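Have a look at the structure below, then the notes.
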2 protein chains.
Amino acid sequence: MAPSRPTIKDVAARAGVSKSLVSLAMRAPDRVSPARLTSIRAAADALGYRPNAAARNLADRRSFTIGVLVQDLHNPISAEVIAGVQRQVRASGYHTMLVTGSADADLERGEIEKLLEFQVEGLIIIGHRMPAGARAAIDGECPTVIISRAEAGIMGLDSISNDDVSGARMAVNHLYDLGHRRIAHITGGSNQVALLRRTGYEAAMNSHGLTANIACYEGAFTDEGGYRGTHLALASPNEHSAIFVANDLAAVGALAAIAENGRRVPEDVSVIGYDGMALGALRSIGLTTIAQPLASMGADAADLLLQRIGDPSRPPGHVNLEPRLITRNTTSAVSR
Amino acid sequence: MAPSRPTIKDVAARAGVSKSLVSLAMRAPDRVSPARLTSIRAAADALGYRPNAAARNLADRRSFTIGVLVQDLHNPISAEVIAGVQRQVRASGYHTMLVTGSADADLERGEIEKLLEFQVEGLIIIGHRMPAGARAAIDGECPTVIISRAEAGIMGLDSISNDDVSGARMAVNHLYDLGHRRIAHITGGSNQVALLRRTGYEAAMNSHGLTANIACYEGAFTDEGGYRGTHLALASPNEHSAIFVANDLAAVGALAAIAENGRRVPEDVSVIGYDGMALGALRSIGLTTIAQPLASMGADAADLLLQRIGDPSRPPGHVNLEPRLITRNTTSAVSR
DNA sequence: GTGAAAGCGCTAACAC
DNA sequence: GTGTTAGCGCTTTCAC
């Protein structure tokens with residue numbers, strides 16, 4: 001700030017060469033004579049020179065930065081996806097600028113605007129909602145890939161998702177195989193992902209001839225949502241022996257509701273979640289779940305984006321990864 | 001990218017005015033005649049003009065950006081601190097650029113370098129380790145505040161922390177008040193924060209005349225660490241009736257170890273953690289803990305940083321917040 | 001191999 | 001009020 005940082009010019013002066021040679025030395029060391037190179041480097045070190053990204057981006061007309069919008073930083077799965085994104089992005093010589101979304105659509109669109117003003121070369125959006133400001137990106141402004149939003153396809157964006165319908169079926173099938181028939185579903189609300197999971201649940205129930213047993217209780221993708229929905233389920237006369245909860249966070253809430261209700265998991269009622277958040281693996285939770293390959297989804301998103309940046313005319317790609325069942329301690333064979 | 005974005009010049013041409021008037025119109029609308037203003041705005045809208053942050057930062061010689069380094073994005077408390085930081089930073093008209101640290105010190109220093117190259121006006125570091133690249137920041141390069149690292153003081157940086165020693169005493173006192181005497185401590189490793197919490201534990205035990213009962217078992221700030229440490233504790237002949245675990249994540253691991261050991265919480269052994277992570281409040285966990293005011297720590301850090309940016313000569317400040325006890329379901333009066 | 005000069009998009013005096 | 005003119009720090013032809 002105050003003692004404004006040394007510039008390429010200062011380095012040049014100190015090394016007794018021209019600005020452009022310093023610039024060259026920084027980017028193509030092999031095209032500069034060894035002697036000058038060392039003296040330039042010495043000067044740079046002595047001065048504590050650090051390139052100014054703003055100036056370089058301006059001259060380059062590119063930023064080597066990709067923007068990441070995380071809608072729900074509080075859901076632990078976000079961290080895992082982010083880690084995957086970062087690893088891959090870094091490996092490609094880019095770096096990430098991460099902003100968080102929020103319930104406030106205006107704020108969220110503002111964040112996206114900022115990212116765009118910073119000339120990010122691409123955008124990765126992690127979350128279930130369609131961000132307000134994403135329209136701009138969609139309008140061909142900036143390559144964008146959406147993680148975990150299945151309807152992205154219809155908007156012409158690249159996307160990475162897991163097959164929610166198929167995953168939900170896996171959940172039901174697992175329960176079915178354990179002998180459960182009265183299987184309830186706690187929903188994740190009215191967003192696309194939640195709807196798909198519900199669809200998978202219903203489809204699986206139907207295909208097992210359990211149409212009459214279909215029972216959905218309204219929840220949300222939060223601890224609280226799972227808790228409330230499960231209380232509803234337990235209060236019904238249906239005597240569910242198993243519950244498929246829309247996501248892991250909600251499933252943890254479900255466990256609490258069940259305990260409060262005086263029943264045991266999995267002896268009295270089995271519970272299966274969805275997502276595969278690391279915390280579900282915590283020994284004191286031991287949640288059976290349908291796990292999304294979170295880190296690779298992040299990495300794949302980065303790959304897809306980088307490809308698209310390389311070739312903007314490339315048609316949008318949709319990677320739909322298969323989730324997998326992880327059996328832990330909250331599901332068991334039906335007891336009666 | 002390809003169809004390079006419209007610039008201020010394009011807007012000027014379309015509106016039939018000069019570049020500088022457009023620039024003025026964007027920043028001080030009231031100093032431009034209404035007629036021109038509207039026509040400029042119309043032109044900007046029509047063109048889909050968006051200011052180029054790189055150009056502006058270069059000309060302004062400031063970025064209105066503050067960099068945030070999060071060392072452990074996987075610890076859920078990070079998200080809460082980040083939220084606090086973001087809210088406050090945004091409210092001040094700045095925005096944040098967030099990068100994640102990692103075990104790899106070189107990568108971490110690289111991330112800090114990037115932030116610095118981007119001309120961030122300040123740095124907030126969230127985590128327990130002293131990042132390699134922080135030296136540069138310390139050398140007066142860039143105002144920096146450290147969250148959760150008590151030794152920051154000696155390095156001349158601003159810092160926000162909670163009083164770990166005092167918090168640990170609170171934990172022990174709570175247990176003591178419940179009648180516990182054989183209180184074990186699962187440590188968080190050898191970092192400063194863990195050491196302080198251990199110090200507080202020992203001090204409290206001493207002051208209660210329980211010096212002979214002091215028993216520390218080696219753990220870490222992770223689920224796994226708490227799990228292993230607790231198994232050690234339970235295997236000892238000390239018959240601990242209560243355990244103070246170095247942080248919440250580890251405490252959750254402790255719960256698992258205790259369950260595996262065939263004991264109940266809190267009937268057979270009480271457990272108290274530290275941090276106040278939101279997940280500890282999840283009903284199926286209900287962890288008693290010493291809660292740090294995470295969101296306000298983030299907000300305070302942002303405030304401190306902004307102040308320092310405003311007045312770089314300001315002496316470093318250290319805000320040491322008092323944590324508070326949150327009693328939930330994992331502690332109860334000693335039974336025998 | 002090296003340097004001079006132009007320009008990236010924007011801001012900020014400074015004149016008109 | 002409004003336009004002109006210099007840069008901000010860096011990259012990049014293009015001659016030498």
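Every heavy atom of this structure was used, including side-chain atoms; hydrogens, water molecules and symmetry mates were not. Proteins get letters first, then strands, A, B, ... in listed order; numbering begins at 1 in each. These numbers were taken from a predicted model, which means no experiment stands behind them.
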- Quick one, which residues of residues 37-45 of chain A touch DNA chain D with a heavy atom under 4.0 Å? none

- Query: When you check every protein heavy atom under 4.0 Å of nucleotides 5-16 of chain C, what one-letter string (B, S, -) results, 5' to 3'?
  - Reply: ---BBBBB----

- Query: Is the backbone N or O of A:Met277 less than 3.5 Å from a side-chain atom of A:Asp275, with the two atoms forming a donor-acceptor pair by type?
  - Reply: no

- Query: Take atom CZ in B:Arg314; do more than 12 heavy atoms of anything else shown fall under 6.0 Å from it?
  - Reply: yes

- Answer yes or no: is there a side-chain heavy-atom contact under 4.5 Å between B:Leu157 and B:Pro316? no

- Note on the structure: Minimal heavy-atom distance between A:His128 and A:Gln71, with the atoms involved, is N-OE1, 3.2 Å

- Message: Could you tell me the boundaries of the chain A footprint on DNA chain D, defined by atoms under 4.0 Å from its heavy atoms?
- Response: D:dG9 to D:dT12

- Pair A:Lys114 + A:Glu117, salt bridge at N-O below 4.0 Å: yes

- Item | A:Asp158 and A:Leu305, any side-chain heavy atoms less than 4.5 Å apart | no

- Query: Taking five pairs at each end of the helix from C:dG1-D:dC16 to C:dC16-D:dG1, what angle separates the two helix axes (nearest 10°)?
  - Reply: 40°

- Query: Can you find a side-chain donor-acceptor pair between B:Ser20 and B:Ser18 that sits under 3.5 Å?
  - Reply: yes

- Note on the structure: In short, side chain to side chain donor-acceptor pair (under 3.5 Å) pairs touching residues 34-48 of chain B with sequence neighbours left out are none

- Query: Between A:Ile126 and A:Val81, what is the shortest heavy-atom contact and its length?
  - Reply: CD1-CG1, 3.7 Å

- Query: Are B:Gln119 and B:Arg62 close enough that a side-chain donor and a side-chain acceptor fall under 3.5 Å?
  - Reply: no

- Shortest non-hydrogen contact between A:Val120 and A:Ser63, atoms and distance: CA-OG, 3.7 Å

- Message: Going by ring pair (Phe, Tyr, Trp, His ring centres under 6.0 Å), name the pairs with one or both residues in residues 22-81 of chain A, residues two or more places apart or in two chains.
- Response: A:Phe64-A:Tyr94

